[in-house]
A.B. asks: 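There's a structure below that I have some questions on.
Convention: sequence-line order gives letters A, B, ...; per-chain numbering from 1.
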Amino acid sequence: MIKAIKGTRDILPQESAVWNRVEETAREILSVYGFSEIRTPVFESTELFARGVGEDTDIVAKEMYTFDDRDSRSLTLRPEGTASVVRAYLEHQVHRDPQIWKVYYLGPMFRRERPQKGRFRQFHQLGAEVLGSDHPAIEAEVIELLQLFLDRIGVGETELLVNSIGCSRCRAGFVQKLKAALADKEDGLCPDCRRRRQSNPLRVLDCKHGPCQPVIETLPSILDCLGEPCRLHFDQFLGHLKRRDIRFKVVPRLVRGLDYYSRTTFEITSPGLGAQNALVGGGRYDGLAEVLGGRPTHGFGFALGLERVILLCQQGDSPPAAGRPQLFIAPLGEPAFDRASLMARDYRRQGIRCFLDFVPRSLKSSLRLANKLQSGHVLIVGENELKTGEFPLKRMRDGQQILVRQEDVVSRLGNG
RNA sequence: GUGAGUGUAGCUCAGUCGGUAGAGCACUGGAUUGUGGCUCCAGCGGUCGUGGGUUCGAUCCCCAUCACUCACCCCA
């Protein structure tokens, strides 16, 4: 039997009801905050991600679904959304627009990782980006929006982690200091970290290996190495958070995995998720547009893992029952079925959720089914009724039954 | 890419110290010739993941393989 491939899955009707609820809530809140939807292609030129995300990142180095098109151009299924949004901004010369650009996207991303709890090869992200502003308040406002969203869909306890990794100039200085500090610390480090000392010293800070921790404690903090403008920016950002009563934790070792980040970075985690506990990741990426060959453009945004958020929703209350019929039509015999089909067409045109089965059933079995589907009413269409033109309409809640003519059925349904 | 755990009915799982399997739920029908939910009765449903080995005999033991799950790594 052919099965869905590893790391992909079906979202069946019961679950899609939850997805719809979450997505609707997101669209509503994003719209209130002035964001419009953007839909970019799910595949792009490989170069976009290689340059935009960074050649040295795990994503580009070993997780992308890359293939040659028939004209042997290299294409890649998008592993994240930000690079595409910035590409679109540049391609359509949006900078000519005097306002800042606030867009959101929602859709599948692809990374070839080993699946585990909360991690898939095709997964879904909700992302939002603000292009054209370097104001620290917009950063706080985006986080405020996120908290409202997470609160409204009910994911329970979360923690906001923030940091600043400075601009490229601060970071260059810091990396030097870091390398110096790590030079004589070889013994206390795991093999991975030893390698990273030279290739990507920032990652050492992010190592979760127990034995490495004592060494990491002694390393300089990036926050002490920020230049004056970056220091000020970060302080203002934190001030805007405080003003909004948003609780946060400054984590100097929070180094995000994508190369394009600068200054503010943040992450929202949940204790209810297992090892993959990041619900949202984001930050500022002021250098990205230039890396992609465009004019210098400020950018700030986040990506939120929908699977992870939905995992948390389902731990709470059960999802709402999807589309229960308002009217279940139970035909008895073939002539009655033909008539019932036309009645169903009539009622559906009036917007009534009608259920009409195609397999012949006894009345008892029809009622059982109607009950299982939680139908509001059952309309019995039998041979006697065809003659008299009056049909028993049964209210399932209390079993009360009345005789009505075809055209009076809808007005008798009430809101049951 | 690495490690560990698990694969038995549609679902959740028992079980056989090696003699070709069972429960609950679900499903179908009956108790009520055209009236649901509760209850009772009956029925349907399994190449015991796949391939090989040991054995008179393997779902059980051994090997391989695949799938799923969790963790490492990394991230949403």
A.B. asks: Could you list the residues that satisfy side chain to side chain donor-acceptor pair (under 3.5 Å) with Arg9(A), not counting sequence neighbours?
C.D. replies: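 Residues passing side chain to side chain donor-acceptor pair (under 3.5 Å) with Arg9(A): Glu15(A).
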
A.B. asks: Just how far, in rounded Å, is C1' of C75(B) from OH of Tyr261(A)?
C.D. replies: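 Going from Tyr261(A) (OH) to C75(B) (C1'), I get 10 Å.
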
A.B. asks: Tell me the closest heavy-atom pair linking Ser16(A) and Pro13(A), and the distance in Å.
C.D. replies: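 Smallest interatomic distance, heavy atoms only, reads OG-O, 2.9 Å.
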
A.B. asks: Determine the interatomic distance between C1' on C75(B) and the same-named atom on G18(B); round to the nearest Å.
C.D. replies: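 Looking at atom C1' only, C75(B) and G18(B) are 48 Å apart.
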
A.B. asks: Given the C1' atoms of U8(B) and A4(B), what is the spacing between them in whole Å?
C.D. replies: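 About 22 Å, rounded to a whole number of Å.
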
A.B. asks: What is the distance, to the nearest angstrom, from the CD atom on Gln125(A) to the C1' atom on C75(B)?
C.D. replies: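 Interatomic distance, CD of Gln125(A) to C1' of C75(B): 9 Å.
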
A.B. asks: Taking for each residue the nucleotide of RNA chain B bearing the nearest heavy atom, is the 5' side occupied by Lys62(A) or by Glu80(A)?
C.D. replies: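 Comparing both residues, the 5'-ward one is Lys62(A).
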
A.B. asks: Atom CZ of Phe120(A) and atom OG1 of Thr8(A): how far apart are they, to the nearest 0.5 Å?
C.D. replies: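 One gets 10.0 Å once the value is rounded to the nearest 0.5 Å.
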
A.B. asks: Residues from residues 278-287 of chain A sitting under 4.0 Å of RNA chain B, heavy atoms only?
C.D. replies: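 RNA chain B contact set from residues 278-287 of chain A: Ala278(A), Leu279(A), Val280(A), Gly281(A).
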
A.B. asks: Can you tell me how far P in C44(B) sits from the matching atom in A58(B), rounded to whole Å?
C.D. replies: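 So the two P atoms sit 28 Å from each other.
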
A.B. asks: Could you state the atom-to-atom distance from CD of Glu129(A) to P of A76(B) in whole Å?
C.D. replies: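 Rounding to the nearest Å, CD of Glu129(A) and P of A76(B) are 12 Å apart.
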
A.B. asks: What does the list of N/O pairs under 3.5 Å between the protein and nucleotides 64-71 of chain B look like, with a distance for each?
C.D. replies:
from   : atom 1 : to        : atom 2 : distance (Å)
A67(B) : O2'    : Lys3(A)   : NZ     : 3.4
C68(B) : OP2    : Lys6(A)   : NZ     : 3.0
C70(B) : OP2    : Lys117(A) : N      : 3.0
A71(B) : OP1    : Ala275(A) : N      : 3.0
A71(B) : OP2    : Gln116(A) : NE2    : 3.0

A.B. asks: Does the side chain of Leu148(A) reach to within under 4.5 Å of the side chain of Glu144(A), using non-hydrogen atoms?
C.D. replies: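 Side chain of Leu148(A) against side chain of Glu144(A), heavy atoms only: no contact under 4.5 Å found.
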
A.B. asks: Determine the Euclidean distance between corresponding P atoms of C74(B) and U65(B); express it in Å to zero decimal places.
C.D. replies: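 Those two atoms are separated by 28 Å.
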
A.B. asks: Could you write nucleotides 33-40 of chain B as a row of B, S and -, 5' to 3', where a protein heavy atom under 4.0 Å of any base atom gives B, of only sugar-phosphate atoms gives S, and otherwise -?
C.D. replies: -BBBB---

A.B. asks: Using the P atoms only, state how far U50(B) lies from A21(B), rounded to an integer number of Å.
C.D. replies: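 Comparing P positions in A21(B) and U50(B) gives a spacing of 16 Å.
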
A.B. asks: Send over the distance from Leu254(A) CG to C75(B) P, rounded to a whole Å.
C.D. replies: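 Spelled out: CG on Leu254(A) to P on C75(B) is 10 Å.
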
A.B. asks: Send over the distance from Ile59(A) CD1 to C74(B) P, rounded to a whole Å.
C.D. replies: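 My rounded result for the distance is 13 Å.
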
A.B. asks: Around Glu91(A), counting heavy atoms of other residues, nucleotides and ligands shown, do more than 12 lie under 6.0 Å from its CD?
C.D. replies: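 More than 12 within 6.0 Å, yes.
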
A.B. asks: Could you tell me which non-hydrogen atom of Tyr105(A) sits nearest to which non-hydrogen atom of Ile38(A), and how far apart they are?
C.D. replies: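 Minimum heavy-atom separation between Tyr105(A) and Ile38(A): CB-O, 3.6 Å.
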
A.B. asks: Any idea how Phe300(A) and Phe266(A) line up, ring-wise: parallel (<30°), tilted (30 to 60°), or perpendicular (>60°)?
C.D. replies: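 Ring orientation of Phe300(A) relative to Phe266(A): parallel.
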
A.B. asks: Please give the distance between the C1' atoms of G15(B) and A71(B) as a whole number of Å.
C.D. replies: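 It comes out at 30 Å once rounded to the nearest Å.
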
A.B. asks: Does the side chain of Thr76(A) come under 3.5 Å of the side chain of Thr66(A) through a donor N or O and an acceptor N or O?
C.D. replies: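 Their side chains do contain a donor-acceptor pair, which is all the 3.5 Å distance test asks for.
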
A.B. asks: What residue among Asp408(A), Leu403(A), Val404(A) forms side chain to side chain contact (heavy atoms under 4.5 Å, CB included) with Glu390(A)?
C.D. replies: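 So the option named by the test is Leu403(A).
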
A.B. asks: Counting only heavy atoms not in Arg244(A) (residues, nucleotides, ligands), do more than 12 fall under 6.0 Å from its CZ?
C.D. replies: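 Yes, the 6.0 Å shell around CZ holds more than 12 heavy atoms from other groups.
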
A.B. asks: C1' atom, A42(B) versus G49(B): distance in rounded Å?
C.D. replies: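 A42(B) and G49(B) have their C1' atoms separated by 33 Å.
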
A.B. asks: Does Arg353(A), at its CZ atom, have more than 12 non-hydrogen atoms belonging to other residues, nucleotides or ligands within less than 6.0 Å?
C.D. replies: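 Yes, CZ of Arg353(A) has more than 12 neighbouring heavy atoms, counting only those of other groups under 6.0 Å.
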
A.B. asks: To the nearest angstrom, how far is Asp56(A) atom CG from C74(B) atom P?
C.D. replies: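 Those two atoms, CG and P, are 14 Å apart.
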
A.B. asks: Just checking, any donor-acceptor pair under 3.5 angstrom between side chains of Glu307(A) and His124(A)?
C.D. replies: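 On atom types as modelled, these side chains qualify, holding a pair under 3.5 Å.
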
A.B. asks: In whole angstrom, give the distance that lies between atom CD1 of Ile310(A) and atom C1' of A76(B).
C.D. replies: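 Ile310(A) atom CD1 is separated from A76(B) atom C1' by 12 Å.
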
A.B. asks: Without decimals, in angstroms, what is the distance between Ile268(A) CD1 and C75(B) P?
C.D. replies: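 So the CD1-P distance, Ile268(A) to C75(B), works out to 17 Å.
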
A.B. asks: Scan side-chain atoms only and decide if Arg339(A) and Gln406(A) contain a donor-acceptor pair under the 3.5 Å cut-off.
C.D. replies: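 Note: Arg339(A) and Gln406(A) side chains meet the donor-acceptor criterion.
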
A.B. asks: Any salt bridge linking Arg263(A) with Glu139(A)? Criterion: basic side-chain nitrogen under 4.0 Å from a carboxylate oxygen.
C.D. replies: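 So Arg263(A) does not pair with Glu139(A) through a salt bridge.
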
A.B. asks: Using both pair distances under 3.5 Å as the test, note the stems of at least 3 consecutive Watson-Crick or G-U pairs that include RNA chain B.
C.D. replies: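 RNA chain B stems, ordered by first number: B:1-7 with B:66-72, B:10-13 with B:22-25, B:27-31 with B:39-43, B:49-53 with B:61-65.
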
A.B. asks: Would you indicate what Ala370(A) reaches in the nucleic acid, counting non-hydrogen atoms under 4.0 angstrom: base, sugar-phosphate, or nothing?
C.D. replies: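 Answer is nothing: Ala370(A) stays at 4.0 Å or more from every strand.
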
A.B. asks: Determine whether more than 12 heavy atoms belonging to other residues, nucleotides or ligands lie under 6.0 Å from atom CZ of Arg348(A).
C.D. replies: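 Result for CZ/Arg348(A): enclosed.
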
A.B. asks: C1' atom, U47(B) versus C40(B): distance in rounded Å?
C.D. replies: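 About 36 Å, rounded to a whole number of Å.
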
A.B. asks: Going from OG on Ser84(A) to CE on Met109(A), what distance comes out if it is rounded to the nearest 0.5 angstrom?
C.D. replies: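 Interatomic distance, Ser84(A) OG to Met109(A) CE, rounded to 0.5 Å: 7.0 Å.
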
A.B. asks: With a 3.5 Å distance limit and no angle check, can you tell me whether Arg308(A) reaches the backbone of Gly118(A) through a side-chain donor-acceptor pair?
C.D. replies: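 Flag set: sc Arg308(A) to bb Gly118(A) pair under 3.5 Å.
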
A.B. asks: Going 5' to 3' along nucleotides 45-51 of chain B, which nucleotides have protein heavy atoms under 4.0 Å from the base (write B), which only from the sugar-phosphate (write S), and which from neither (write -)?
C.D. replies: -------

